[in-house]
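Structure record follows, encoded as structure tokens.
Throughout, protein chains are lettered first and strands after them, A, B, ... in sequence-line order, and every chain is numbered starting at 1. Note that the structure is a prediction, hence the values are computed from the model and not measured.
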Amino acid sequence: MPELPEVEVTRLSFASRIAGARVLDVHVGKPLRWPFGVGLAGAAQEAVDALSGAVVQGVRRRGKYLLIDTLKDAKPRLLIIHLGMSGSLLFSPRLPAAGKHDHFSLLTSQGELRLNDPRRFGAVIFAYSENDSWPRKLLAGLGVEPLTDDFQSEPFHAALKKRSAPIKQVLLAGDIVVGVGNIYASEALFLAGIRPTLAASKLSKPRVFKLHQAVKTVLQAALDKGGSTLRDFSSATGEGGYFQLEANVYGREKEPCRACAAPIKMIRQGQRSTFYCSVCQK
DNA sequence: AAAAGCCCCTGGATGC
DNA sequence: TGCATCCAGGGGCTTT
């Protein structure tokens, strides 16, 4: 589910409300992508003990990862959450009884932060610092943040020049630019008028500039609409997003292109579906 | 180094 | 109604 806009919408929906909260307890359900406490000698119990009594300083986002910074006895403790395909967070002073897909809870003095993740592709990782081995392994190879000034078209072009894979898959890989998932990759390529199957290295500089702009435009527009809710995405206040209503190509196979009325095509690239207009995208 | 496949898991939609 | 099949917003890991 969640790509950069959905993760950022989630972050914004609880960051200020959880800031300053003291961790009272931690509930761990079924294992997610990795067992809670992965990378620690003492595993889950060590992580729970290390978090108990810690005070939340804030919530950051890196790519599709949420980083919850806490302090305990003036020492940092970090909780990293990834929503995978089907994860969503809720934060509220009062939540109903946990359901079968609620697999992690942080009980704090200001409310409960609860992760619901039916498919369990998500992850909750505890670390003492971003430089611990697990966070490093996950975060070190990430590309630039697309909605910051770190994302510039010249270096983007230089990076794409080195890649022979189809541009759609290079966008998805996240090692050049982060946060672009399956929906927004198709949408950005449509806006830029670029065929998803084109080798990344073959894109001219002006076309890369257009793609650079399109990525920023699509992600910002989705963020402004509260993200895309296809099945079950909702923010930590339980609200869905509306961007899916404005999708030009994603999920619109055989429907008329909004620009030229030609039927939208769907193809498979690396076991994921890609949508595009064969007239508007060359 | 980069690309391509595989796989983790559950549930909803579709088709027979 | 039941059962099989396919598909889903991600991404780490292994193999080419």
Original post:
Taking CG from Leu172(A) and C1' from dG10(C), how many angstroms apart are they, rounded to a whole number?
Top reply: 9 Å
**OP:** Indicate whether OP1 or OP2 belonging to dG12(C) is found under 4.0 Å from a side-chain N or O atom of Tyr65(A).
**Re:** yes
Subject >> Sidechain-backbone polar pair: Asp117(A) side chain, Gly122(A) backbone, donor-acceptor under 3.5 Å >> reply: yes
Original post:
Touch check for Lys162(A), heavy atoms < 4.0 angstrom, all strands: base, sugar-phosphate only, or nothing?
Top reply: nothing
Subject >> Sidechain-backbone polar pair: Arg60(A) side chain, Asp69(A) backbone, donor-acceptor under 3.5 Å >> reply: no
Original post:
When you measure from the side chain of Glu145(A) to the backbone N and O of Phe151(A), does any donor-acceptor pair fall under 3.5 Å?
Top reply: no
**OP:** Would you kindly compare Ser164(A) and Arg231(A) by the position of their nearest DNA chain B nucleotide and give the one closer to the 5′ end?
**Re:** Ser164(A)
Original post:
Does Ser86(A) place a side-chain N or O at less than 4.0 Å from the phosphate oxygens OP1/OP2 of dG11(B)?
Top reply: no
Subject >> Any Arg119(A) side-chain nitrogen or oxygen under 4.0 Å from OP1 or OP2 of dG10(C) >> reply: no
Subject >> Phosphate OP1/OP2 of dA2(B): any Ser201(A) side-chain N/O under 4.0 Å >> reply: no
**OP:** Establish, with yes or no, whether the OP1 or OP2 oxygen of dA3(B) is under 4.0 angstrom from a side-chain nitrogen or oxygen of Arg163(A).
**Re:** yes
Original post:
Looking at dG10(C), dA4(B), dC13(C), which one has an atom nearest to any side-chain atom of Pro166(A)?
Top reply: dA4(B)
Subject >> Pairwise side-chain contact, Ser86(A) with Phe121(A), heavy-atom cut-off 4.5 Å (strictly under) >> reply: no
Original post:
Taking C-beta and beyond as the side chain, do Phe36(A) and Val48(A) meet within less than 4.5 Å on heavy atoms?
Top reply: yes
**OP:** Mind calculating the distance between CG (Leu66(A)) and P (dG11(C)) to the nearest angstrom?
**Re:** 12 Å
Original post:
With a 4.0 Å cut-off on heavy atoms, is Gly181(A) in touch with a base, just the backbone sugar-phosphate, or nothing at all?
Top reply: sugar-phosphate
Subject >> Contact nearer the 5' end of DNA chain C, comparing Leu138(A) with Phe275(A) >> reply: Phe275(A)
Original post:
If you measure from the P atom in dA13(B) to the same atom in dG9(C), how many Å do you get, rounded?
Top reply: 16 Å
Original post:
Of the candidate nucleotides dA3(B), dG9(C), dG12(C), which contains the atom at the shortest distance from the side chain of Leu230(A)?
Top reply: dG9(C)
Subject >> Mate of dT14(B) where both pairing distances stay under 3.5 Å, Watson-Crick or G-U >> reply: dA4(C)
**OP:** Could you state the atom-to-atom distance from NZ of Lys30(A) to P of dG11(B) in whole Å?
**Re:** 8 Å
**OP:** Tell me whether the OP1 or OP2 atom of dG9(C) has a side-chain N or O from Tyr184(A) closer than 4.0 Å.
**Re:** no
Subject >> First of Ala165(A) and Pro118(A) reached from the 5' end of DNA chain B, by closest nucleotide >> reply: Ala165(A)
Original post:
Nearest-Å distance, CZ (Arg33(A)) to C1' (dC6(B))?
Top reply: 11 Å
Original post:
Does the side chain of His82(A) get closer than 4.0 angstrom to OP1 or OP2 of dG10(C) through an N or O atom?
Top reply: no
Original post:
Judged by atom type as modelled, is there a donor-acceptor pair below 3.5 Å linking the side chain of Glu6(A) to the main-chain atoms of Ser228(A)?
Top reply: yes
Original post:
Once you round it to whole Å, what is the distance between P of dA2(B) and CD1 of Ile176(A)?
Top reply: 9 Å
Subject >> Whole-Å distance separating the CG atom of Leu171(A) from the P atom of dG9(C) >> reply: 15 Å
Original post:
Just to confirm, is there a sub-4.0 Å distance from OP1 or OP2 of dG9(C) to any side-chain nitrogen or oxygen of Lys64(A)?
Top reply: no
**OP:** Take atom CD of Gln271(A) and atom C1' of dT15(C), then tell me their distance rounded to the nearest Å.
**Re:** 14 Å
Original post:
Is His101(A) near enough to dG11(B) that one of its side-chain N or O atoms lies under 4.0 angstrom from OP1 or OP2?
Top reply: yes
**OP:** Please report, rounded to the nearest Å, how far the P atom of dC7(C) is from the CZ atom of Phe121(A).
**Re:** 15 Å
